[in-house]
Amino acid sequence: AAGVIQSPRHLIKEKRETATLKCYPIPRHDTVYWYQQGPGQDPQFLISFYEKMQSDKGSIPDRFSAQQFSDYHSELNMSSLELGDSALYFCASSRTRGSYGYTFGSGTRLTVV
Amino acid sequence: DAKTTQPNSMESNEEEPVHLPCNHSTISGTDYIHWYRQLPSQGPEYVIHGLTSNVNNRMASLAIAEDRKSSTLILHRATLRDAAVYYCILRGGGATNKLIFGTGTLLAVQP
């Protein structure tokens, strides 16, 4: 079965550069969530989208922005990167009608040097 | 968001059952109880979820207390591949509610 696809798997950027992470949800899933997981930490919710509209916002820095496109894929844009942004970034998708679990992608490991 | 409390770590032997407890005394009537697990450097993996009744699937069973203030994830026969961090999460009844991860239980499985 198709899973949540994230790209790239690994990304190395220098401080003050920008990065774009992509997420392709499972077909017919209408909600996408972004999470950040620092070293040794639990996943922290950043932002979510339902039917291409932002539905909820967590502890996402102002330097970060995200959107969901007409094909339901989502992108997380990160500017003015800092060393502390180095983390695993996960995307998850779910279907809102009915009661379902959430499917996570394998993540993008961002390293800021 | 309602919170959950889990032991920091647990240990099990291979091929034995494992019972992972979770307390959620402030659960509301519309909160679903979700369980996910995460292996190192991998994305969280859905295990099981339920509302009021006990649930079974191919991975595990979920036993929910009658007052819903606690639940137990049951792995019937632990394998080495079950070694992971297990998260018990309450998901609100709203359709688009995010999952808020707390500090899960690190399960070690001994051969």
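Quick caveat, the model's predicted, so the values are computed rather than measured. Basis for what follows: all heavy atoms, side chains included, without hydrogens, waters or symmetry-related copies. The chains referred to below are lettered A, B, ... by the order of the sequence lines, with proteins before strands, and numbering in each begins at 1.
- Note: A:F104 leads A:Y35, A:F104, A:F45 in heavy-atom pairs under 4.5 Å with chain B.
- Atom CG of A:D42 sits about 11.5 Å away from atom CD1 of B:I100, to the nearest 0.5 Å.
- Crowding of B:N8 atom CG: a count of heavy atoms from other residues, nucleotides or ligands under 6.0 Å not exceeding 12.
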Show me the side-chain donor-acceptor pairs of residues 81-93 of chain A shorter than 3.5 Å, one per line, residues at least two apart or across chains.
{"residue": "A:E82", "atom": "OE2", "partner": "A:R63", "partner atom": "NE", "Å": "3.4"}
{"residue": "A:D85", "atom": "OD1", "partner": "A:R63", "partner atom": "NH2", "Å": "3.0"}
{"residue": "A:D85", "atom": "OD2", "partner": "A:R63", "partner atom": "NH1", "Å": "2.9"}
{"residue": "A:D85", "atom": "OD2", "partner": "A:R63", "partner atom": "NH2", "Å": "3.3"}
{"residue": "A:D85", "atom": "OD2", "partner": "A:E82", "partner atom": "N", "Å": "2.8"}
{"residue": "A:S86", "atom": "OG", "partner": "A:L83", "partner atom": "O", "Å": "3.0"}
{"residue": "A:S86", "atom": "OG", "partner": "A:V112", "partner atom": "N", "Å": "2.8"}
{"residue": "A:Y89", "atom": "OH", "partner": "A:Q36", "partner atom": "NE2", "Å": "2.8"}
{"residue": "A:Y89", "atom": "OH", "partner": "A:D85", "partner atom": "O", "Å": "2.6"}
{"residue": "A:S93", "atom": "OG", "partner": "A:I26", "partner atom": "N", "Å": "3.4"}
{"residue": "A:S93", "atom": "OG", "partner": "A:H29", "partner atom": "ND1", "Å": "2.7"}

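- Taking each heavy atom of B:S41 and A:R109 in turn, the nearest pair found is OG-NH2, 3.1 Å.
- No donor-acceptor pair under 3.5 Å is formed between the side chain of A:Y102 and the backbone N or O of B:Y36.
- Other residues, nucleotides and ligands contribute more than 12 heavy atoms inside 6.0 Å of the NZ atom of A:K52.
- Within a 6.0 Å sphere centred on CG of B:L39, heavy atoms belonging to other residues, nucleotides or ligands number more than 12.
- A:Q37 touches chain B through its side chain: at least one heavy atom from C-beta onward sits under 4.5 Å away, while N, CA, C and O do not.
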Report, one line per pair, each donor and acceptor closer than 3.5 Å where one atom sits in a side chain of residues 56-66 of chain B; sequence neighbours left out.
{"residue": "B:N56", "atom": "OD1", "partner": "B:S61", "partner atom": "OG", "Å": "2.5"}
{"residue": "B:N57", "atom": "OD1", "partner": "B:M59", "partner atom": "N", "Å": "2.8"}
{"residue": "B:N57", "atom": "OD1", "partner": "B:A60", "partner atom": "N", "Å": "2.9"}
{"residue": "B:N57", "atom": "ND2", "partner": "B:V47", "partner atom": "O", "Å": "2.7"}
{"residue": "B:S61", "atom": "OG", "partner": "B:H76", "partner atom": "NE2", "Å": "2.7"}

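- Contacts of A:S106 with chain B are made by backbone atoms alone, with heavy-atom separations under 4.5 Å and no side-chain atom involved.
- When side chains are defined from C-beta on, A:P43 counts as touching B:Y87, because their heavy atoms get closer than 4.5 Å.
- Summarising the local packing, CG of B:D67 is surrounded by more than 12 heavy atoms from other residues, nucleotides or ligands at distances under 6.0 Å.
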